[in-house]
Amino acid sequence: MKAEEHCNESAEKTSKQTAFCKPCKRQWAKCGTDPAKNGPKSFHGGANTSEALTQSQDGCLTASLTSEPRVKDFGQLNPDEKMKMLETTRQAKVLVLTMVYRDGTTQLDPEQKLTLPVCGLLVLMKSDLSCGTPEDSLGPNDSLVYLKLEHTPAWAQQQTHPSPELFTRDMLLQVLTGSQLVVCYKAKDLLRSVLQVYRRELNWKRVAGCHIQDPQVSAWLLDPTDPSSCFQDLLNKHCRRPHTTPALGAQKVSQIISGLCWLYRLNMKLCSQLQSQGLWKLYSDMELNMIPVLAAMESHRIHVDKEALKKTSDLLGTKMKQLEKEAHQAAGQIFLVTSSTQLRTVLFEKLRLHERCENKKLPKTINKQQQSTSEAALLLLQDLHPLPKIILEYRQVHKIKSTFVDGILSCMMCKNYISSTWHQTSAVTGRISAKHPNFQALPRQPLQITKKQYVQGKEEEVVTVHPRAMFIPHEGWTFLAADFCQVELRLLAHLSSDPELLRIFTSPQADVFTMLASQWKGVREDEVTSEDREHAKRIVYSVVYGAGRERLSGILGVSTEQARLFQDSFLQTYRDVQAFIQRTIQQSHKQGYVLSIMGRRRNLPNINSPDWSIRMQAERQAVNFVVQGSAADLCKMAMIRIFNLVSSSSSLSARLIAQLHDELLYEVEDSHLEQFAALVKSTMESLQRIDHLGVHLKVPLKVAVSSGKSWGSMSELNIPLTFPSP
DNA sequence: AATGGGACGCTAGG
DNA sequence: CCTAGCGTCCC
């Protein structure tokens, strides 16, 4: 390390200033306003005014923190002391961390607004592991350091020194990637913030190796059903800690420090439970490695064609007005088209359409057992009246506009890029989920809009609207998608060892669902219609998902009797699949939980419920979990493997954009495309065997790769086989 | 007289 | 089966 790199006098001074309670006066006139009166902010975060209002509070907490005798302010140390501090950090046995936000809260506080501006990081360094000291006080050899962590405004960044502070950066790296035990509640948020603040001077690859223990993750692994909300809840559940009340100033600081001590104890408690439940490997080898992967994903900016989105929004708005008018005409009255209640009144009380189709069973709403107006219901009614078709089209357009056009626009605010938030612990099955926007739910198929034109010459114009096409790679880069083909079905074959199902996947060429349809309908493969194939696909997944006949008939558009026949004949053809389902249910009854292929666990407290429907639901959850959870395991392992390969290579640069459960989307430099595609494909397919986790699938995995200059126009990529020639 | 939270309905994805 | 998200409706 070079000393001169760190000796930045002017940066020191600015940091000194912001550390105290001054900075808002000049820039922000409304400093005295009570921040509490200014209601909750939307997730899109800070308009300038909201930052101004919280500023005063922040300065005070920072001041209280750094004036607390036990806390050393890293920014205030001279270069010599900083070097010593780096050494102390290296020597420490345990580091316990929390971010401190500008509004005076920390990661240990209950409510967390999204994209909260961060101001620093408090580190508790423990030099011995003894728990002999009282639970919430420091040991004799423990010390506390405060690290400033703030976005430098763009205007200040351009002048003279581009970096916030390189010494602090290196201290952070020491803290985050050290070999000792590091504990942080919501570690992903910390990593993302660090990557954002040091966007220019810290490559995302640097956080790849870091292994930060996170009680939110461990608690979730122990019981994914528990809505593992905040730190306090976890303490109440796993430790016995007196309830704390919100405090201010010096008292608040003591509370934070004691919070860190408790965080350490909580972590130890959860770790020992993970070990005794056989979840340690999964935690350490998979879930902890996911944290830097997700942090890097969140810190990446995905470029979006904002202008095109705005145009589309207007277009869809016009289309909706047209359809609304048509709906009113067809109904013979004005009503709120978006309201299912009002639509129900029109369809079933005014028009009495249900009386004209007594041969078909119209679906009911789940909770109140009323006539449903869902897609399945409207499809059954569409030949009786023009209204259902109009509503169906209206709903399609409305969904696209509200969620995927306006919704994404509102995630962009003043920017022309987005970054989703990825959640590791919000799905019981072990899958990850995305928010703001939900990248995993963007429509796969484009929507055709016929635009009425009142221009002489042409009558109609057809426009296609495709939200995925709005996502554009950076200049000189390309999107690459890698899709695990039929993972869940392959896993079903593996889990059941059904010989017929296995055979389908061992013969490499053919289309799986075509083969399936031919096997099950008893016709030659070239006689399988596309309808048969589609049916086969839906039956398979309804079996996996445990859907009943009712649901299947709705999806398939056939009678429940027909759906039952389809399902039965499938289970007759693949006897061992049925055996697997029964085995799984039996096992869940016996032990009260089920396990995925990598040992992920789901407790099923209702599995022995006296209530039939509740018990049945738990049984479906059991079967579904084993398949869906195992697929999640594989996909997450793929993300980790590829992430580690890229970050330990000096030549690779591809970045993960999104995970769509069985598909990974990357942004790759144009010139690296083919090489990276081959690497991704072979890495993913190699997951058939994961020795250290005891995974050895009886079926091969197949990965399809495609690429494109927008997410809406991806085309299949042919990768030469990567077998080394003998 | 608003208004914000919760229940419900629907639908995009897997 | 399990997500997120948008929309009513009612208290």
Side-chain angles (χ1 to χ4, degrees), chain A residues 39-40 43 224-225 320 335-345 363-379 391-392 394-408 410-411 420-447 466-468 483-489 491-492 537-538 540-548 551-552 554-555 581 584 594 602 604 616-632 634-635 658-665:
Chain A
F43 60 77
T225 329
M320 277 169 56
F335 69 104
L336 195 50
V337 188
T338 44
S339 160
S340 43
T341 316
Q342 293 185 29
L343 177 63
R344 181 156 40 240
T345 319
K364 296 280 169 74
T365 58
I366 306 289
N367 291 313
K368 298 175 102 183
Q369 292 295 313
Q370 288 175 296
Q371 293 288 355
S372 168
T373 69
S374 65
E375 187 179 349
L378 295 182
L379 285 172
I391 299 293
L392 281 171
Y394 181 90
R395 290 223 182 120
Q396 253 187 341
V397 178
H398 180 259
K399 177 79 184 176
I400 301 286
K401 176 163 157 62
S402 64
T403 308
F404 302 114
V405 177
D406 297 346
I408 287 174
S410 79
C411 293
S420 290
T421 311
W422 296 88
H423 292 281
Q424 189 174 3
T425 61
S426 68
V428 280
T429 50
R431 270 144 77 129
I432 59 174
S433 74
K435 272 180 176 170
H436 310 147
N438 179 0
F439 226 95
Q440 297 176 318
L442 273 99
R444 188 169 266 288
Q445 293 302 128
L447 179 64
H466 198 184
R468 287 194 182 192
D483 193 321
F484 266 127
C485 304
Q486 315 96 24
V487 240
E488 292 185 344
L489 190 54
L491 280 165
L492 187 64
K537 194 170 166 179
R538 286 178 176 166
V540 165
Y541 286 111
S542 79
V543 169
V544 174
Y545 297 154
R551 203 71 126 52
L552 183 62
I555 298 166
I581 292 172
T584 306
V594 279
R602 176 167 186 177
L604 294 156
M616 291 296 282
Q617 166 157 340
E619 290 178 355
R620 289 192 297 271
Q621 288 171 332
V623 177
N624 180 69
F625 176 85
V626 178
V627 182
Q628 191 168 306
S630 301
L634 278 180
C635 297
Q659 188 248 40
L660 319 184
H661 302 124
D662 54 3
E663 177 181 341
L664 301 179
L665 183 67

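Any value given below was found using the heavy atoms of this structure, including those in side chains, with hydrogens, waters and symmetry copies removed. Sequence lines set the chain letters: A, B, ... in the order given, protein chains first and strands last, and positions in each chain run from 1.
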Nearest-Å distance for atom pair [atom1]/[atom2], residues [X] and [N]:
X: A/R344; N: B/dC8; atom1: CZ; atom2: P; value: 13 Å
X: A/Q659; N: B/dG13; atom1: CD; atom2: P; value: 16 Å
X: A/D662; N: B/dG14; atom1: CG; atom2: P; value: 7 Å
X: A/L343; N: C/dT8; atom1: CG; atom2: P; value: 13 Å
X: A/D406; N: C/dA4; atom1: CG; atom2: C1'; value: 17 Å
X: A/K399; N: B/dG13; atom1: NZ; atom2: P; value: 9 Å
X: A/Y394; N: C/dC6; atom1: OH; atom2: P; value: 15 Å
X: A/L660; N: B/dA12; atom1: CG; atom2: C1'; value: 12 Å

[N] phosphate, OP1 or OP2: any side-chain N/O from [X] under 4.0 angstrom?
X: A/T373; N: B/dC10; result: yes
X: A/S340; N: B/dC10; result: no
X: A/R431; N: C/dT3; result: no
X: A/Q440; N: C/dA4; result: no
X: A/Q342; N: C/dC9; result: yes
X: A/T403; N: B/dA12; result: no
X: A/R444; N: B/dG14; result: yes
X: A/N367; N: B/dG9; result: yes
X: A/S374; N: B/dG9; result: no

Applying a 4.0 Å non-hydrogen cut-off, can you work out what [X] is touching in the nucleic acid: base, sugar-phosphate, or nothing?
X: A/E488; result: nothing
X: A/A631; result: nothing
X: A/V428; result: sugar-phosphate
X: A/I400; result: nothing

Nearest of [options] to any side-chain atom of [X]?
X: A/Q621; options: C/dC2, B/dG13, C/dG7; value: C/dC2
X: A/S339; options: C/dC9, B/dT11, C/dC2; value: C/dC9
X: A/L336; options: C/dC1, B/dA12, C/dC9; value: C/dC9
X: A/Q370; options: C/dC1, B/dG9, C/dG7; value: B/dG9
X: A/K435; options: C/dG7, C/dG5, B/dC10; value: C/dG5
X: A/R395; options: B/dT11, C/dT3, C/dG7; value: B/dT11
X: A/F404; options: B/dA12, C/dC6, B/dC10; value: B/dA12

- Does CD1 in A/I366 sit with more than 12 non-hydrogen atoms of other residues, nucleotides or ligands closer than 6.0 Å?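 Atom CD1 in A/I366 is not crowded, with 12 or fewer foreign heavy atoms closer than 6.0 Å.
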- Task: Using distance alone, with no hydrogens and no angle criterion, decide if A/T373 and A/S340 have a side-chain donor and acceptor under 3.5 Å apart.
- Result: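 A/T373 vs A/S340: no donor-acceptor pair found between side chains.
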- Item | Polar side-chain contact A/Q628-B/dG14 base: donor and acceptor under 3.5 Å |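 When only heavy-atom distances are counted, A/Q628 does reach the base of B/dG14 through a donor-acceptor pair under 3.5 Å.
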- Task: With side-chain contact (heavy atoms from CB on, under 4.5 Å) as the test, would you mind laying out the steps for A/I400 and A/V405 before giving the verdict?
- Result: CA-CA 6 Å; A/I400 301 286; A/V405 177; 4.1 Å; yes
- Message: Nearest 0.5 angstrom please: A/R620 CZ to A/T584 OG1, how far?
- Response: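 A/R620 CZ to A/T584 OG1: 15.0 Å, rounded to 0.5 Å.
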- Please name the pair of heavy atoms, one in A/I408 and one in A/P437, separated by the smallest distance, quoted to 0.1 Å.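 In this case the closest contact between A/I408 and A/P437 is CG1-CB, 3.9 Å.
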- Item | Shortest non-hydrogen contact between A/W422 and A/Q440, atoms and distance |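 So the minimum-distance heavy-atom pair works out to CZ3-NE2, 3.8 Å.
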- Query: Do the charged groups of A/R431 and A/E488 touch, with an N to O distance under 4.0 Å?
  - Reply: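 Result for this pair is yes, salt bridge flagged.
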